[in-house]
Amino acid sequence: MEVNELTGFRQNRQEDSGILGNAKAYTHTSVAILESFAALFMAKFGIHLSNIQKRNAFRHDLNVSKAANGMIYGFGSRSTKNALDAMRGLIHTPS
């Protein structure tokens, strides 16, 4: 995404918007996804279907979590619904 596309995205987004991202294996390694999350000025949650704490040690570090409002993992297909519920709560909570 080029800078002017990102600026247009920021200007045109609605206040009740957010990002749910399931970066799969890239959750642990991708600097590009981390930087993309960090560049967004909206609610952002990372999702991982499996319980990463029960997997290889290198999977315990979630790169994406450094820029996300929260991470939901370990609930299988329910992880997406749980993240959406958490995001709605974050967006609609008065500051």
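The analysis underlying the following values was restricted to heavy atoms, covering all of them including side chains, and did not include hydrogens, waters or symmetry mates.
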### Query
Do Asn51 and Tyr73 come within less than 4.5 Å of each other through their side chains, counting heavy atoms only?
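Answer yes - side chains close enough.
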### Query
Less than 4.5 Å apart, any side-chain heavy atom of Asn22 and any of Leu49?
yes
Atom [atom1] in [X], atom [atom2] in [Y]: separation rounded to 0.5 Å?
| X | Y | atom1 | atom2 | result |
| --- | --- | --- | --- | --- |
| Ser79 | Phe45 | OG | CZ | 13.0 Å |
| Arg55 | Ile52 | CZ | CD1 | 9.0 Å |
| Asn63 | Leu34 | CG | CG | 5.0 Å |
| Ile47 | Lys81 | CD1 | NZ | 12.5 Å |

### Message
Donor-acceptor pair, distance only, cut-off 3.5 Å: does the side chain of Asn69 make one with the backbone of Lys44?
### Response
yes
### Task
Determine whether Met42 and Ile33 fall in the same hydrophobic cluster, where Ile, Leu, Val, Met, Phe, Trp and Tyr are linked whenever their side-chain heavy atoms lie under 4.5 Å apart.
yes
### Summary
Ala67 and Phe37 have their tightest heavy-atom pair at CB-CB, 3.8 Å
